[in-house]
Amino acid sequence: MNRMPASAASADRPVVTRFAPSPTGYLHIGGARTALFNWLYARGRGGRFLLRIEDTDRARSTPEATEAIFDGLRWLGLEWDGEAISQFSRVDRHREAAEALLASGGAYRCYASPAEIEAFREAARAAGKPPLFLSPWRDRGPADWPDAPYAVRLRAPREGIVEVDDLVQGEVRIPAETLDDLIILRSDGTPTYNFAVVVDDHDMGVTHIIRGDDHLTNAARQTLIYRALGWPTPEMAHVPLIHGEDGAKLSKRHGALGAHEYRAMGYLPEALRNHLARLGWSRGDTEIFTTEQALEWFDIKDVGRSAARFDFTRLQSLNGHYIREAEDGRLAELSLALAEERGAPVTDPKKRAMLLEAMPGLKTRVKTLVELLELAHYILGDRPFSPDANASKLLDETGRALLSRLTPRLADVSDWRAETLEAEVRAFAEAEGLKLGKVAQPLRAALTGRAQSPGVFDVLVTLGRDECLGRLSDLPV
RNA sequence: GUCCCGUUCGUCUAGUGGUUAGGACAACGCCCUCUCACGGCGUAAACAGGGGUUCGAGUCCCCUACGGGAUACCA
């Protein structure tokens, strides 16, 4: 009982990890991080990263959710090896393993009804004792078996310590008497979660189980199952959960969104990957790293034990960084795709070209693709542009009068380039006895309808002579 | 109730007995500047509390508080 079972992981065997979500919703951010850690650990060591869909709860599992998980993983760039495995499809194997356990005496038939169990628990609670159900069937033999449905329970040790040697949590010792004889096969013959997981992980050759620390006590139970089955225990790593910005468990209100929602909010997958990797894991002072570097550096042993909060502001900052780094062409494509998803497709090839051309000036000014689209309003929108409140102030009588004097000079510029236009506007400002800003601001407002935009001379060039003069002529006199 | 895990600037973290407790995001200020950004420079900001151990503790031990998780014929 005290012998340490041989580990399923060894130096000469390649690492095999798995991500095992239940398809009851989208791929939420905590799951995404768990998947990322599994992926990084396996792929960083030339191992395999498998995907198993835990769909044994038929009522709650949906094919749509499975698709959403696939999509989320793909978007994040976390490709899995081979086909995703449906846990439900393996019930025969689970049953077979349970039968073997029954035969070997590692498990027993329990005929207690749910009502009986509930009554037992209530009595225990009332007596101030732990509400662990102790089945009276544990030591009964075939002679006592009624002709009734039964559940199969693991014959768990009633005393001693169950040790879990965890790569993140260290040695965790759980008193056996706080664990019950868990059911491994329900009375309808279907396997329970803890049992199916063990059988599947074993059959899939999983060497390292990396999952949320909400499974830590399950780890003790599963260790018991491995032992009963005589199988080596995989290495385990229970990583802390991610909390919401208020420190409480993640909920939809603060970040427990599906991967697709991050895409819709204009985040780049590499930014989310970087952010997620840094939650609970670090490598000295390095904040920003490529996926290649993460693959090289990541080690599950370096993951901390305390829960981290999901900080949107930080993700924004990181996203801004990755947007600045990204290729203009890719950014334009992603933005255009996002615009379409948002119901505002940009079909005019001229606008699409202008967006690409203006990208260098756009991308340093935004943190998300959504902001980028908004900032590119002067390109994507159509004349006439109605100025917003701030722009309106700049286009007061004085501003408009100034522009009416500037416009003919602009019209006379034969070489429509940023340098020449800037020289012209500067000369004009000087002639008017004004600082450049006094001219540039109204001009920007007239051209873009906003008080902020990329450099006004770049705007002039992007839009082109005719469009600019047209917008200037749209101003009320 | 019981069991398990956690607690360093607002946030993410570095730190493996001897540090002016470092970095990043956010905040604030300055510079750059046609706006907003980007970029640069700088300011402010933390070891949950209490006991030990030790010449010396953020680092080791214990207790308390607080937070989280688990206690299902859910996964």
Side-chain angles (χ1 to χ4, degrees), chain A residues 20-24 54-57 59-61 87 110 112-114 117-118 121 124-125 128-133 149-153 164 166 168-170 172-175 177-180 182-188 190-194 196-197 212-221 238 240-241 243 245 247-249 275 278-288 304-318 320 324 361-367 375 390 394 422 425-426 429 435-441 443-445 448 450-457:
Chain A
S22 50
T24 54
E54 311 224 310
D55 51 358
T56 50
D57 186 338
R60 290 201 293 158
S61 301
Q87 187 162 62
C110 174
S113 69
I117 296 170
E118 196 36 54
R121 288 217 174 93
R125 250 189 294 265
K129 289 194 287 194
L132 272 191
F133 179 63
Y150 58 89
V152 178
R153 303 189 97 108
V164 177
D166 193 280
V168 169
Q169 306 286 333
V172 180
R173 302 158 58 84
I174 294 170
E177 72 254 27
T178 64
L179 267 17
D180 62 357
L182 78 220
I183 288 176
I184 59 177
L185 220 52
R186 300 184 187 95
S187 49
D188 65 358
T190 60
T192 56
Y193 166 76
N194 278 302
V197 164
D213 69 3
D214 50 335
H215 287 289
L216 194 52
T217 33
N218 283 333
R221 295 192 170 83
H238 289 88
L241 264 17
H243 289 171
E245 295 190 293
K249 197 179 172 181
H275 184 238
R278 276 291 283 107
L279 250 34
W281 175 78
S282 66
R283 183 184 182 274
D285 286 340
T286 315
E287 301 291 343
I288 290 172
R305 274 192 274 183
S306 56
R309 299 183 188 208
F310 190 86
D311 182 3
F312 257 98
T313 312
R314 193 184 179 81
L315 174 59
Q316 291 238 340
S317 162
L318 232 25
R324 271 171 258 133
L362 255 15
K363 68 182 184 182
T364 60
R365 295 175 161 78
V366 298
K367 303 243 183 277
L375 187 64
N390 290 330
L394 293 165
E422 177 165 358
V425 175
R426 279 187 188 278
K435 290 176 61 171
L436 180 59
K438 289 290 176 198
V439 181
Q441 277 301 79
L443 180 58
R444 161 176 291 112
T448 70
R450 306 285 156 90
Q452 287 107 42
S453 80
V456 75
F457 306 114

Visitor: If you assign A:Arg173 and A:Ala308 each to the RNA chain B nucleotide with the nearest heavy atom, which residue ends up on the more 5' nucleotide?
Guide: A:Arg173

Visitor: Need one value for A:Pro240: base, sugar-phosphate or nothing, where a base atom within 4.0 Å counts as base even if backbone is also close, heavy atoms only.
Guide: nothing

Visitor: Quick one: A:Asp214 CG to B:G67 C1', roughly how many Å, whole number?
Guide: 16 Å

Visitor: Write down the distance between CG (A:Leu182) and C1' (B:U71), rounded to a whole number of angstrom.
Guide: 12 Å

Visitor: In whole angstrom, give me the gap between the P atoms of B:G22 and B:U16.
Guide: 14 Å

Visitor: As a quick check of understanding, evaluate side-chain contact (heavy atoms from CB on, under 4.5 Å) for A:Tyr193 and A:Thr56, giving each step before the final call.
Guide: CA-CA 8 Å; A:Tyr193 166 76; A:Thr56 50; 5.7 Å; no

Visitor: Look at the side chain of A:Asp180 and the backbone N and O of A:Leu132, then say whether any donor-acceptor pair between them is shorter than 3.5 Å.
Guide: no

Visitor: Would you indicate what A:Thr286 reaches in the nucleic acid, counting non-hydrogen atoms under 4.0 angstrom: base, sugar-phosphate, or nothing?
Guide: nothing

Visitor: Just compare B:U11, B:C73, B:U13 and give me whichever is closest to any side-chain atom of A:Ala151.
Guide: B:C73

Visitor: Let me know, please, whether A:Thr192 or A:Leu132 comes out on the 5' side of the other along RNA chain B by nearest nucleotide.
Guide: A:Leu132

Visitor: Between A:His275 and A:Phe312, does a ring-ring contact (aromatic ring centres under 6.0 Å, His included) hold up when you go through it step by step?
Guide: CA-CA 10 Å; A:His275 184 238; A:Phe312 257 98; 8.1 Å; no

Visitor: Between B:A70, B:U7, B:C73, which nucleotide has the shortest distance from any of its atoms to the side chain of A:Ser306?
Guide: B:U7

Visitor: With rounding to whole Å, what would you report as the distance between B:A46 and B:A21 at their C1' atoms?
Guide: 9 Å

Visitor: Using the P atom as the point on both nucleotides, what is the distance between B:C36 and B:A44, in whole Å?
Guide: 27 Å

Visitor: Taking the side chain as C-beta and beyond, is there a heavy-atom pair between A:Ile184 and A:Arg153 under 4.5 Å?
Guide: no

Visitor: Only counting residues at least two apart or in another chain, list the ones meeting ring-ring contact (aromatic ring centres under 6.0 Å, His included) with A:Phe133.
Guide: A:Phe120

Visitor: Give the nucleotide from the list B:U11, B:G1, B:U13 with an atom nearest to the side chain of A:Asp311.
Guide: B:U11

Visitor: Evaluate the side-chain proximity of A:Ser61 to A:Pro23: yes if any heavy-atom separation is below 4.5 Å, no if none is.
Guide: yes

Visitor: Could you work out the separation of B:C60 and B:C3 based on their P atoms and round it to a whole Å?
Guide: 24 Å

Visitor: Base of B:C73, side chain of A:Ser187 - is there a donor-acceptor contact under 3.5 Å?
Guide: yes

Visitor: Under 4.0 Å, counting only non-hydrogen atoms across every strand here, what does A:Asp55 touch: a base, just sugar-phosphate, or nothing?
Guide: nothing

Visitor: Check every strand shown and say whether A:Ala124 touches a base, only sugar-phosphate, or nothing at a heavy-atom separation below 4.0 Å.
Guide: nothing

Visitor: Counting side-chain heavy atoms from CB outward, which of B:C4, B:A26, B:C73 is closest to A:Val172?
Guide: B:C4

Visitor: Do nucleotides 28-49 of chain B as a string where each nucleotide becomes B, S or -: B if the base has a protein heavy atom under 4.0 Å, S if just the sugar-phosphate does, - if no protein is that close.
Guide: ------BBBBSS----------

Visitor: To the nearest Å, how far apart are A:Asp180 CG and B:G1 P?
Guide: 20 Å

Visitor: Can you measure A:Gln169 atom CD to B:G68 atom C1' for me and round it to whole angstrom units?
Guide: 12 Å

Visitor: Can you find a pair of side-chain heavy atoms, one from A:Gln87 and one from A:Val197, that are under 4.5 Å apart?
Guide: yes

Visitor: To the nearest Å, how far apart are A:His243 NE2 and B:U7 C1'?
Guide: 12 Å

Visitor: Using the C1' atom on both, measure B:C4 against B:G50 and round to a whole Å.
Guide: 24 Å

Visitor: Mind running side-chain contact (heavy atoms from CB on, under 4.5 Å) on A:Asp166 and A:Leu216 for me, showing each step along the way?
Guide: CA-CA 9 Å; A:Asp166 193 280; A:Leu216 194 52; 4.2 Å; yes

Visitor: Quick one about A:Thr192 and A:Asn194 (side-chain donor to acceptor, distance below 3.5 Å, no hydrogens or angles considered), yes or no?
Guide: no

Visitor: How far does the C1' atom of B:A27 sit from the matching atom of B:A45, given to the nearest Å?
Guide: 10 Å

Visitor: Under 4.0 Å, heavy atoms only, any strand: does A:Arg283 hit a base, just the sugar-phosphate, or nothing?
Guide: nothing

Visitor: A:Gly320 near the nucleic acid: base, sugar-phosphate alone, or nothing, with a heavy-atom cut-off under 4.0 Å?
Guide: nothing

Visitor: Please tabulate, one pair per line, each protein N/O and nucleotide N/O from nucleotides 21-24 of chain B that are separated by under 3.5 Å, including the distance.
Guide:
{"unit_1": "B:G22", "atom_1": "N2", "unit_2": "A:Asp285", "atom_2": "OD1", "d": "2.9"}
{"unit_1": "B:G23", "atom_1": "N2", "unit_2": "A:Glu287", "atom_2": "OE2", "d": "2.6"}
{"unit_1": "B:G23", "atom_1": "N3", "unit_2": "A:Glu287", "atom_2": "OE2", "d": "3.4"}
{"unit_1": "B:A24", "atom_1": "N3", "unit_2": "A:Arg314", "atom_2": "NH1", "d": "3.2"}

Visitor: Reckon A:Leu279 touches a base, only the sugar-phosphate, or nothing at all at heavy-atom distances under 4.0 Å?
Guide: sugar-phosphate

Visitor: Write down the distance separating the C1' atoms in B:C41 and B:U59, rounded off to the nearest Å.
Guide: 34 Å

Visitor: Side-chain N or O of A:Arg309 less than 4.0 angstrom from OP1 or OP2 on B:U7?
Guide: no

Visitor: How close or far is atom P of B:C4 from atom CG of A:Leu179, stated in whole angstroms?
Guide: 11 Å

Visitor: Pairing donors with acceptors under 3.5 angstrom, does anything connect the side chains of A:Thr364 and A:Arg324?
Guide: no

Visitor: Partner lookup for B:C38, please. Criteria are Watson-Crick or G-U wobble with both distances under 3.5 angstrom; report none if nothing qualifies.
Guide: none

Visitor: Establish, with yes or no, whether the OP1 or OP2 oxygen of B:U2 is under 4.0 angstrom from a side-chain nitrogen or oxygen of A:Thr178.
Guide: no

Visitor: Once rounded to the nearest 0.5 Å, what's the spacing between atom CZ of A:Arg60 and atom OG1 of A:Thr24?
Guide: 5.5 Å

Visitor: Could you check how far NE2 of A:His215 sits from P of B:C5, rounded to whole Å?
Guide: 18 Å

Visitor: When you compare B:A48 with B:G10, how far apart are their C1' atoms, in angstrom units rounded to a whole number?
Guide: 16 Å

Visitor: Is A:Glu287 salt-bridged to A:Arg314, going by a charged N under 4.0 Å from an acidic O?
Guide: yes

Visitor: In whole Å, I'd like the distance from the CG atom of A:Leu318 to the C1' atom of B:A26.
Guide: 13 Å

